[in-house]
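This report concerns only the one structure given below.
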Amino acid sequence: MCLAIPAKIIKIKGEIAEVDIGGIRKETSIALVKDVKEGDYVLIHTGYAIAKINEEEAKELIELWKMMSY
Amino acid sequence: MENDELLIQFRNREIIGKIIRKIREESKNLGRIKIMHVCGTHEWTITHFGIRSLLPENIEVIAGPGCPVCVTPASEIDALAELSLRNNVIITTFGDIFRVPGVKTSLIEAKSMGGDIRIVYSMLESIEIAKKENKKIVHFSIGFETTAPTTAIEILKGPPKNFSVFVTHKLIPPAMEFLLKTGPRIDGFICPGHVSTIIGVRPYRKIAEKYKKPMCIAGFEPLDVIIGILNIIEQIKEGTYYVYNEYSRAVKEEGNIIALDTLDKVFDIKDSWWRGIGLIENSGLKLKKEYEEYDAIKIFDINIKPIDHMPEGCRCGDVLKGIISPNECPLFGKICNPNHPIGPCMVSFEGSCSIAYKYGKNIT
């Protein structure tokens with residue numbers, strides 16, 4: 001139920017955005033997120049974007065763990 | 001995942017191997033540690049990628065009540081099934097709950113008896129149906145904090161007059177607190193990533209401090225979950241109990257402010273029944289009085305008896321509380337399987353029993 005799928009925003013038309021989910025184009029509501037623009041990645045849950053994904057944070061996490069040596 | 005290159009990194013064997021070695025080292029001499037997660041998607045990641053098999057023997061990761069479909073009371077399913085048999089009503093619902101048995105019947109059985117029940121992917125589809133049909137549309141609004149804002153925002157917008165919602169949304173932090181008070185010993189929590197995108201970090205912090213339990217908000221790739229497990233083990237070793245936000249790429253400290261504001265405007269908090277667990281204080285949502293015109297429970301004068309019901313022999317309640325693993329239930333893999341589910345945890349694809357059956361070991 002709480003499954004959310006990452007998607008890339010392709011085009012914004014008001015509260016609805018066309019998103020790319022792994023090659024599939026779908027319309028989704030962006031009424032629950034602010035400051036999203038075309039090219040951003042968002043998490044989609046039951047037809048609504050619920051969070052913007054910050055790619056920089058993801059890259060930093062990976063870099064951090066790559067550097068650690070155990 | 002955000003893009004393919006990053007996805008590969010979050011499943012990187014070398015990095016994961018490194019962290020597993022660290023987990024083994026850190027957990028030596030800690031005794032038995034029980035870490036609970038409360039999200040069906042975490043259970044999927046853990047079982048699908050065989051994460052339990054990589055952990056030392058003294059580290060146990062157990063699934064809690066992370067599947068909203070599994071904890072929806074059987075009496076509510078019966079009420080919806082009965083409602084669907086009225087002439088002028090169409091029920092819209094997410095597919096997960098379609099086959100879950102109530103006390104008397106499931107929604108799929110009600111459909112076979114002539115009930116007009118339609119599976120939708122989104123509230124938006126239910127509203128489109130309402131615009132096209134003359135009948136009364138009742139949407140079964142289930143789900144945790146992740147889903148509740150989608151109900152709330154459509155109610156705020158003012159859906160068609162023939163549209164209403166049967167709200168059974170539930171809140172995760174009160175359930176975590178309930179289990180800490182009443183359930184088996186839990187040494188730390190992996191907090192649900194997508195619920196956390198909405199509620200942020202703060203609600204967990206209060207519980208972590210009150211019960212002195214380490215917590216980690218984790219994403220859904222194998223690396224995310226393994227980092228979460230390591231963090232909790234390190235906290236236990238150091239005697240700390242803070243909330244580490246591993247999933248910072250999607251979860252902000254304050255959560256999703258638009259979604260939280262929308263929830264506040266539309267819902268009041270109420271005590272709520274969790275199937276197999278019982279009544280949990282302040283763990284459910286109901287529509288505020290000013291939105292009663294969209295409240296199916298009021299419109300159709302539905303009286304739901306607060307009873308807890310599981311099919312005979314089914315131990316989903318103990319699975320949901322983390323007392324037993326799915327394969328410890330006498331029905332698991334025998335008469336209860338995904339093709340013939342007896343209990344709710346075998347029906348939903350996010351249910352622990354269904355996941356254990358599909359990807360786990362020890363199927364008899």
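Quick note on labels: first sequence line is chain A, next is B, and so on, each numbered from 1.
Although no hydrogens or angles enter the test, the distance criterion places no donor-acceptor pair under 3.5 Å between the side chain of A/Lys66 and the main chain of B/Ile15. With hydrogens and angles ignored, the 3.5 Å screen pairs no side-chain donor or acceptor of B/Asn256 with any backbone N or O of A/Ala51. Put simply, the side chain of B/Ser122 gets close to the backbone of A/Thr46: a donor and an acceptor are under 3.5 Å apart.
Using a 4.5 Å cut-off between heavy atoms, A/Ile44 contacts chain B through its side chain alone, with no backbone atom that close. Residue contact with chain B, scored on non-hydrogen atoms closer than 4.5 Å, involves the backbone of A/Lys52 exclusively. Contact annotation for B/Leu124: both backbone and side-chain heavy atoms come within less than 4.5 Å of a heavy atom of chain A. Within the 4.5 angstrom heavy-atom criterion, only side-chain atoms of B/Leu223, from C-beta onward, approach chain A. Residue B/Thr262 touches chain A through its side chain alone, counting heavy-atom pairs closer than 4.5 Å. Heavy-atom distances place no part of B/Glu125 under 4.5 Å from chain A, backbone and side chain included.
Side-chain contact between B/Glu154 and A/Tyr48: present, with at least one pair of heavy atoms (C-beta onward) separated by less than 4.5 Å. Proximity of B/Ile227 to A/Leu61: side-chain heavy atoms (C-beta onward) are separated by under 4.5 Å at one or more points. No side-chain heavy atom of A/Val33 sits less than 4.5 Å from a side-chain heavy atom of B/Ile258. Side chains of B/Ile16 and A/Trp65 form no contact here, defined as non-hydrogen atoms less than 4.5 Å apart. Counting only heavy atoms from C-beta outward, the side chains of A/Leu3 and B/His194 never approach each other to under 4.5 Å.
Between the side chains of B/Thr150 and A/His45, not a single donor N or O lies within less than 3.5 Å of an accepting N or O.
Summarising the geometry, atom CZ belonging to B/Arg249 is positioned 10.5 Å from atom CG belonging to A/Asn54; distances are rounded to the nearest 0.5 Å. Once rounded to the nearest 0.5 Å, the distance linking OG1 of B/Thr197 with CG of A/Leu43 reads 6.5 Å. Distance check: B/Lys252 NZ to A/Glu57 CD gives 10.5 Å after rounding to the nearest 0.5 Å. Separating the CD1 atom in A/Ile53 from the OH atom in B/Tyr247 is a distance of 6.0 Å, to the nearest 0.5 Å.
A salt bridge links B/Lys157 to A/Glu15: one of the charged nitrogens lies within less than 4.0 Å of a carboxylate oxygen.
Chain A forms the most heavy-atom pairs under 4.5 Å with one residue out of B/Ala259, B/Ala250, B/Ser248, and that residue is B/Ser248.
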